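This report concerns only the one structure given below.
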Amino acid sequence: MAEAVLITTDDLEPAVRLRAAFEAQQLRVELLAPGESLSDALAEPVLVVITGGLRERRARALITAARERGRLPVIGLTEPTEPTGRDICRQLGLSECFPKPIEADEVALVGKRLVQREELREITGIVGDTEAMEEVLERIVQIAPVNSTALILGESGTGKELVARGIHALSPRRHRPFIAVNVAALPDTLLESELFGHEKGSFTGATDRRKGFFELANGGTIFLDELGEMPAGTQTKLLRVLEEREFRRVGGEESIRVDVRVVAATNRDLRDQVQLGHFRRDLYHRLNVLRIDLPPLRARREDIQRLIDRFIQQFSAEHDRSFVGIDPQALQILIDYDWPGNVRELRNLVESMVVLAPGRVIRPEDIPADVRYRRRDSLLPVPVTPQPQVSSGAAQLNSGASQLNGGGSFLPAAPSPEMEFILRTLFDLRVDMEDLRREFEVYRSRQHEGGSIPSGPLPFGGYQPIPIGLPVAVETVPHEPEPPPREEGTIVFRPGMTITQMEREAITAALLHSRGNRRRAAEMLGMGERTLYRKLKEYGIEE
Ligand SMILES: Nc1ncnc2c1ncn2[C@@H]1O[C@H](COP(=O)(O)OP(=O)(O)OP(=O)(O)O)[C@@H](O)[C@H]1O
């Protein structure tokens, strides 16, 4: 069935002008006569425009029917005498409102963008209804049709590649190749030849002439992920491609011209990299023309439930499991968690729970301990022994901090002020002890290295105590004990840990030990750099 914008004829004059304006935007239009509903339309609606009587029964029925169809956007035209504005618009369940008399071209432009936003969600699978994500989608729609370079900034796992794919998919280049290159995953020695190709014999192993990604992407888009990791020599060559649209293959003399749109992304602060002299200032300015900032997941917690629903649906189908959803308490734990690995971490977690959870609903006990223990708003790292009967003396102490759920396990609730005071004091004490212990170890290791022993007081101040109110947990659920704090370069085995969890620990420890140097970390772990890179992504490990 063809797709069309449905315009009601409640007010015929603007309806006719809007039809012409939408058609000028290459969108088909169908007029909906008074009394006709969405199901009377011959075409599949992609947008509904209600030209009058917004508070009347028919308009309300159309809005409800649009909602029932998922995400069908609705624009409403308000009378000059009617109140208008974003709040009114939301109250009425409309995507956008325009007061009469309207500027038909403006309404059609906004309408087209709404249609494209939904198209974008469908093509890329981007989930997010928060204002921050709506803005991101709007930016993609604006940026897509032009040819300029685009820069996407955001923490790892926030969806930068999805956005880059969205820009390509809505652009006139969409029928040409989209090539994604992860700059950090390629060793420096190979990067240039992978990007720009090489001539036969240009280096050991170059047995043939080979085209690089820029040539392969000709006419399309190249996505350079983790651009902040690009070595200086390659940055210079990239700048030349951006400015002159040409380059030479490694070991080649001939200049090759290409028509490639560059979309770059990084999770590093490129301005800092410029200040530190690690990134070319001119390249930064060349790239920073059109920019999209992706918010971390913890800054848009309202999207978490939608993402979980989407991933449960997706992975239940993929793994042939009949999952129906998530228990409200489990959902709250996931909403409260800080998601350092962002959407990727959430996606991986939901997949593992869909595969491993015994029931058809994700329950709090299906959530791995490390996620439950790092809850944003929990209070303390003190495990409280669970009390099976709430009537005992110990349980009374506990009762302010927990409530019994239907399944018989204790769930954290706000502790009483006395309880909170006691637990906070214990926590402070623990932090102080931890600081003392670390300071003492530094002192002792200096002594060991034969360095001068400070005669004054011990060098306090080198460590940041953990601020109160940060992710620490009062754990009253009768499960795993609280994991002991990690020391730099130490892997702690806890009973119940899986090989995967051990591997995650080992990778984190190796990175700490190598101060973030991936190559050294990979060597220590006896794995290839690419494998390490893949695992960092898989486990959502932040460096
Ligand atoms: N808004 C979103 N809706 C649905 N899925 C998402 C969203 N954001 C990210 N994802 C999913 O999370 C995973 C990571 O996304 P993506 O690779 O685009 O992140 P990234 O920011 O490019 O990460 P990195 O910086 O590590 O390369 C992918 O599986 C992607 O499909």
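Values in this document were obtained by computation on a predicted structure and should not be read as measured data. Every number for a ligand or one of its atoms is a count from 1 in the order of the listing.
Between G128 and ligand 1 there is no heavy-atom distance shorter than 4.0 Å. Heavy atoms of R310 come nearer than 4.0 angstrom to ligand 1 in no pair at all. Residue G125 places a heavy atom under 4.0 Å from ligand 1.
For R347, every heavy-atom contact with ligand 1 shorter than 4.0 Å involves the side chain, none the backbone. Of the heavy atoms in F311, only side-chain atoms (C-beta onward) come closer than 4.0 Å to ligand 1.
Close approach of ligand 1 to E155 is summarised as follows: ligand atoms under 4.0 Å from at least one heavy atom of the residue are 21 (O).
With salt bridges taken as basic N to acidic carboxylate O contacts below 4.0 Å, one links R165 and E161. Comment: E3 does not engage R28 in a salt bridge, judged by the lack of any side-chain N to carboxylate O separation of less than 4.0 angstrom. Of the charged side-chain nitrogens involved, none lies within less than 4.0 Å of a carboxylate oxygen, so that D303 and R310 do not count as a salt-bridged pair.
Ring planes of F214 and F196: parallel class, angle under 30° (limits at 30 and 60°). Below 30°, between 30° and 60°, or above 60°: for F315 and F311 the angle between ring planes is between 30° and 60°, a tilted geometry.
An N or O contact shorter than 3.5 Å links G159 to ligand 1 by distance. Ligand 1 has no nitrogen or oxygen under 3.5 angstrom from a nitrogen or oxygen of N182. Between I126 and ligand 1, no pair of N/O atoms sits closer than 3.5 Å. Checked against a 3.5 angstrom limit, the closest N/O atoms of D225 and ligand 1 fall inside it. Below 3.5 Å of separation, one finds no N or O of L307 facing any N or O of ligand 1.
Contact check for E119 versus E122: no side-chain heavy atoms found under the 4.5 Å cut-off. When side chains are defined from C-beta on, R518 counts as touching L536, because their heavy atoms get closer than 4.5 Å. Counting only heavy atoms from C-beta outward, the side chains of I179 and V260 never approach each other to under 4.5 Å.
If you check each of G540, S156, G154 against atom 26 (O) of ligand 1, the one with the closest non-hydrogen atom is S156. The nearest non-hydrogen atom to atom 9 (C) of ligand 1, considering only N348, T124, V343, comes from V343.
When hydrogens are left out, the protein atom nearest atom 22 (O) of ligand 1 is E161 N, 3.1 Å; that is the closest non-hydrogen contact. Of the protein's non-hydrogen atoms, V127 N, 2.9 Å is the one closest to atom 3 (N) of ligand 1. Protein heavy atom nearest atom 17 (O) of ligand 1, with residue, atom name and distance: R344 NH2, 3.2 Å. For atom 20 (P) of ligand 1, the closest non-hydrogen atom on the protein side is K160 N, 3.4 Å.
The neighbour count for R69 CZ, taken as heavy atoms of other residues, nucleotides or ligands under 6.0 Å away, is above 12.
The closest side-chain donor-acceptor pair between N218 and R176, if any, does not fall under 3.5 angstrom.
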- Begin with the C-alpha distance, continue with both residues' side-chain angles, and end with the deciding distance and a verdict on side chain to side chain contact (heavy atoms under 4.5 Å, CB included) for M230 and L195. CA-CA 12 Å; M230 187 176 264; L195 287 177; 4.0 Å; yes

